[in-house]
Each structure stands twice: as C-alpha cells, then as structure tokens.
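Note that the coordinates shown come from a computational prediction; the quantities given were computed from them, not determined experimentally. Order of appearance sets the numbers: ligands from 1, and atoms from 1 within every ligand.
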Amino acid sequence: MIKNQVELRKLHDEKQTDLLNAVFETQESERKRLAEDLHDSVGQVLSAIKLNLHRLDKIIADKQPLLADTRQLTDECIQEIRNIIHNVLPPVLTDYGLKEALEGLCLKIEQTTSVTVNLKKKLDDVRLKPEIELAFYRIAQELFSNAIKHSDATVINLTITKDAGWLVMEFKDNGKGFDMSDVKHGFGLKNLESRVQLINGEVNVYTKPKNGTITIIRVMI
Ligand SMILES: Nc1ncnc2c1ncn2[C@@H]1O[C@H](COP(=O)(O)OP(=O)(O)OP(=O)(O)O)[C@@H](O)[C@H]1O
Ligand SMILES: [Mg+2]
C-alpha cells in the first residue's frame, strides 16, 4: 500500500509539473504573439504616420509648431511601443543570453526610476539552458517590480554568480521589508515559486518590516 501511495504521489507531482510547464509555455507564447502583433500592427501604423508628418513638414512652407509637436509625440509613442515590446519579449535574452539581458533590465530600471541599481556578475559567456535563462530573467523582472511597487527602496543590489555547478541570483533591496506570514500573496510571488520549482531550483526570502528584503534563487546547472 505504501508503495502504491508513493507511486500515486509521484504521478500526481509529475502531472502538476506538466500542468505548470504548459501554463508557462502558453504564457510565453502569448507574450510572443502580443509583441509581434504590436510590432507589426501599431508599430507599422505609427511609422507610416511619422513618414506622413515628415512629408507634410516638407510641403508646408512656414514652420508649424503644432506639426513639430505632433512629430515629437509620434516619436515618443514609437519609443513607448518599443519599450513595451522589449518588456514583453526581450530579444536580447534569446539572442545574447541572461548576462546581457540583466544588464539591459538594470539599465532600464535606473533610467526609468529613481532607484540606484548595482549589478554584479560572476558569469562566463557560456549560454545556459533556455528555460533557466528565461526563468531567471522573469524572476528578476518580478523582483524589480515588487521592490519598486512595494518597498520604497533607494538601492537594489543584484548579484548573479555561476560557481561550482550552481547558478545563484541574489536580489537585495534596502526598502521597508514585509512580514511574510502576514502578507497577501499576489500572483508575483506564487509565479516566482512555480518557476523556481520547475527548474528544480530553490528560493529563500529573508525580510523583516523596516529591514529590506533579500531573495536568493539557486539552481544546479
Ligand atoms: N520587495 C518588497 N518589499 C516590500 N514588500 C514586498 C516586496 N515584495 C513583495 N512584497 C509584499 O508582498 C506582497 C505579495 O507580493 P506579490 O508579488 O505576490 O504580489 P503583488 O506584487 O502585490 O501583485 P502582483 O505581483 O500579482 O502584481 C506584496 O503585495 C507586498 O505587500
Ligand atoms: Mg508582485
């Protein structure tokens, strides 16, 4: 009977893993579709508008401030769309790998928020398995998002280390921290745990109210 129970549990765990894998795969392919659609539809139309405005600018003899202003707005809009596409599906991750993608992410956070980000990488240039790269990137995105949304941090230290067969990411904010037992879990932390579980990794969160938060993710590679 015990043997049967162990077998049953194993089957149940395998099914759970398959299910989670399917959920994340669907999510990633939806993201890809959204990014491609945005690029091909809205992006194309905006480029056409930009071109027309440029032509108008040439036809009209005297300079129109309203036209210049509209051209500027169109440029901003194109940039915004580009940012959204890159956020949804960072091409740098698939093309150049985790190291470059994290550099880009940290830079973007520094440019768009008032938080100082210190990134330390002890990584070589060897590419990791795609599922590990994607999981670590999505986890870093969620941790940044949480730190910015909830913590009032002014400094974030992100360290990524590859050593003795382990990949370890340490994400530390100097924000207000939280009480793990008394917090309403959103999708973010649940998703994070599932992603870590799927790559057979482990996650530890150390936080106390007023004392910042450290999240450490480890996976054997
Ligand atoms: N770095 C942090 N500093 C302070 N509080 C945090 C931090 N990270 C998470 N929390 C707290 O933990 C809660 C749960 O986080 P979680 O990411 O699961 O959900 P969320 O960010 O509220 O929503 P979602 O991620 O679904 O958009 C947050 O609402 C917040 O109270
Ligand atoms: Mg969150």
May I ask whether [X] has any heavy atom positioned less than 4.0 angstrom from an atom of ligand 1?
| X | result |
| --- | --- |
| G175 | no |
| K190 | no |
| K176 | no |

At what distance is the nearest protein heavy atom to [atom], and which residue and atom is it?
| atom | answer |
| --- | --- |
| atom 21 (O) of ligand 1 | H150 NE2, 2.7 Å |
| atom 27 (O) of ligand 1 | K149 NZ, 2.9 Å |
| atom 14 (C) of ligand 1 | K184 O, 3.4 Å |
| atom 31 (O) of ligand 1 | V183 CG2, 3.4 Å |
| atom 1 (N) of ligand 1 | D173 OD2, 2.9 Å |

For [X] and [Y], which I'm curious about, is there any donor-acceptor pair between the side chains at under 3.5 Å?
| X | Y | result |
| --- | --- | --- |
| Q141 | N87 | yes |
| T161 | D163 | no |
| T154 | N174 | yes |

Any salt bridge between [X] and [Y], counting N to O under 4.0 Å?
| X | Y | answer |
| --- | --- | --- |
| K121 | E103 | yes |
| E36 | R33 | no |
| R195 | E142 | no |
| R71 | D57 | yes |

Checklist entry - Among F178, F171, F187, F144, which residue places a heavy atom closest to atom 10 (N) of ligand 1? => result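 Shortest heavy-atom distance from atom 10 (N) of ligand 1: F178.
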Item to check | Residue selection (non-hydrogen contact nearest atom 19 (O) of ligand 1) among S151, S145, G186 | outcome: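 Result: the heavy atom closest to atom 19 (O) of ligand 1 is in G186.
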Checklist entry - Per the side-chain contact (heavy atoms from CB on, under 4.5 Å) rule, which among I148, D152, N146 passes with H150? => result N146
Main chain of [Y], side chain of [X]: is a donor-acceptor contact present, judged purely on distance under 3.5 Å?
| X | Y | answer |
| --- | --- | --- |
| T159 | K120 | no |
| Q197 | L192 | no |
| E110 | V117 | yes |

Checklist entry - Taking both backbone and side chain into account, is any N, O or S atom of S145 nearer than 2.8 Å to the Mg ion (ligand 2)? => result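 Of the N, O and S atoms in S145, none lies under 2.8 Å from the Mg ion (ligand 2), which means no.
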Item to check | Which atom of E142 approaches the Mg ion (ligand 2) most closely (N/O/S) | outcome: OE2
Looking at [X], which atoms of ligand 1 are within less than 4.0 Å of one of its heavy atoms?
| X | value |
| --- | --- |
| E142 | 17 (O), 25 (O) |
| G188 | 17 (O), 18 (O), 24 (P), 25 (O), 26 (O) |
| L189 | 14 (C), 15 (O), 16 (P), 17 (O), 18 (O) |

Checklist entry - Counting both backbone and side chain atoms, is some N or O of H185 under 3.5 Å from an N or O of ligand 1? => result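 Checking ligand 1 against H185, no N or O pair falls under 3.5 Å apart.
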Checklist entry - Relative to ligand 1, is N191 under 4.0 angstrom through side chain, backbone, both or neither, heavy atoms considered? => result neither
